[in-house]
2 protein chains.
Amino acid sequence: MMMQAEAQFRIGEEGLSEEVLVQMAESFKALSDPTRLQILALLFTGEHAVGDLADHLDVSQSAVSHQLRILRALDIVRYHKEGREVYYSLADDHVRDILLRTLEHILDD
Amino acid sequence: MMMQAEAQFRIGEEGLSEEVLVQMAESFKALSDPTRLQILALLFTGEHAVGDLADHLDVSQSAVSHQLRILRALDIVRYHKEGREVYYSLADDHVRDILLRTLEHILDD
DNA sequence: TGAATATATGAACACTTATTCATATATATA
DNA sequence: TATATATATGAATAAGTGTTCATATATTCA
């Protein structure tokens, strides 16, 4: 059975619309930084507050917030507030799948 | 059954090693440009020579070669020469999967 | 061999990005 | 209310990126 996405990939002589390609590029760009990937690796095991993330990384809390903003904008992470803390988690299973496939791709040497 | 990659994602308190995260980031970076994605969308339907790719894109042949070099370096595309033409194609199914998952992610709005 | 064609490469440049620092906003607590 | 804590934001800056232009390399064919 052909998935919707696979069907879409074949639409049109030039392939996907410029708009969709730009959106895909933006999503991949959001995953293309080691700091953001480290954040996602931490979130892979469950939700974490911003400060907790910052404690596990080598960058400032400010940098973590900036990166979370990027991940948020692309629906890669969700968040909810509890008191003055903000807990982040992975947005959906697509994100999990994409991370795992890419890890497999890396490990296949 | 837990995949190897999934198991790997949980290894260690800090998650994945810095080296693996950097490699993943490089792979995603290779996918994070509209021109390169358009190349991959064309290759999704089968192999294409460099000039053929350039004819379908809005950038110079030089730019296409530069981008193919990046995709080659990360094992995202394969190639073989036939006479003076060089035919490129997608390297493996991980690449197909990653592209499709991301497209699904985009289309889920 | 010489000309034409296909692809690759290096330099230069405009544009983008990840970080820190300083500070703002929001919430809890004494 | 005043203070402390958690997070977010804007400005500045150093480093990285995608493109074109010019040119090199490789292959075919007259």
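Because the structure is predicted, anything quoted here is derived from the model rather than measured. Each chain gets a letter, A, B and so on, in the order the sequences are listed, and its residues count up from 1.
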By nearest-nucleotide position on DNA chain C, the 5'-leaning member of B:Val50 and A:Asp58 is B:Val50

Under 4.0 Å between any heavy atoms, over every strand shown, what does A:Tyr88 touch: base, sugar-phosphate, or nothing? Just pick one.
sugar-phosphate

Gap between atoms CD1 and P, on B:Ile39 and D:dG18 respectively (whole Å):
11 Å

Counting just side-chain N and O atoms, does B:Ser60 come under 4.0 Å of either OP1 or OP2 of D:dT19?
no

Taking NE2 from B:His66 and P from C:dA12, how many angstroms apart are they, rounded to a whole number?
14 Å

OP1, OP2 of C:dT17 versus side-chain N and O of A:Lys29: anything below 4.0 Å?
yes

Atom-pair distance (CD1 on A:Ile70; P on C:dT19), nearest Å:
9 Å

Any base atoms under 4.0 Å from A:Tyr79, or only sugar-phosphate, or nothing? Heavy atoms, all strands.
nothing

Between D:dT20, C:dT19, D:dG18, which nucleotide gets closest to the side-chain atoms of B:Arg36?
D:dG18

Among D:dT19, D:dT7, D:dG18, find the nucleotide with the atom closest to the side chain of A:Val86.
D:dT7

Between D:dA30 atom P and B:Arg84 atom CZ, what is the distance in whole Å?
10 Å

From NZ of A:Lys81 over to P of C:dA28, roughly how many Å is that when rounded to an integer?
8 Å

Member of A:Lys81, A:Glu47, A:His48 meeting the side-chain contact (heavy atoms from CB on, under 4.5 Å) criterion with A:Tyr87
A:Glu47

For C:dT20, the Watson-Crick or wobble counterpart (both distances under 3.5 Å):
D:dA11

Can you find a side chain N or O atom of A:Arg72 that sits less than 4.0 Å from OP1 or OP2 on D:dA8?
yes

Looking at B:Ser62, does any N or O in its side chain come under 4.0 Å of the phosphate oxygens OP1/OP2 on D:dA22?
no

Say whether A:Val59 and A:Leu40 are linked into one hydrophobic cluster, either directly or through other cluster members, by side-chain heavy-atom distances under 4.5 angstrom.
yes

Using whole Å, what does the distance between atom C1' of nucleotide D:dA6 and atom NE2 of A:His48 come to?
17 Å

Mark yes or no: B:Arg96 above the aromatic ring of B:Phe44, with NZ or CZ under 6.0 Å from the six-membered ring centre and no more than 45 degrees from the axis.
yes

Reckon B:Thr35 has a side-chain N or O less than 4.0 Å from the OP1 or OP2 of D:dG18?
no

Heavy atoms of other groups near A:Glu19 CD, more than 12 under 6.0 Å
no

Starting at CG of A:Leu53 and ending at C1' of D:dA6, how long is that distance when rounded to a whole Å?
13 Å

Between A:Leu74 and B:His105 the two heavy atoms that sit nearest each other are O-NE2, 3.4 Å

Of the candidates D:dT9, D:dA6, C:dT7, the side chain of A:Glu85 sits closest to D:dA6

Side-chain N or O of B:Gln67 less than 4.0 angstrom from OP1 or OP2 on D:dT17?
no

Check if the side chain of A:Gln61 and the base of D:dA6 share a donor-acceptor pair of N or O atoms closer than 3.5 Å.
no

Within 45 degrees of the axis of the six-membered ring of A:Tyr88 and under 6.0 Å from its centre: does A:Arg78 put its NZ or CZ there?
no

From the set D:dA6, C:dA8, D:dT19, return the single nucleotide nearest to any side-chain atom of B:Ala63.
D:dT19

Can you tell me how far P of C:dA8 sits from OH of B:Tyr87, to the nearest Å?
13 Å

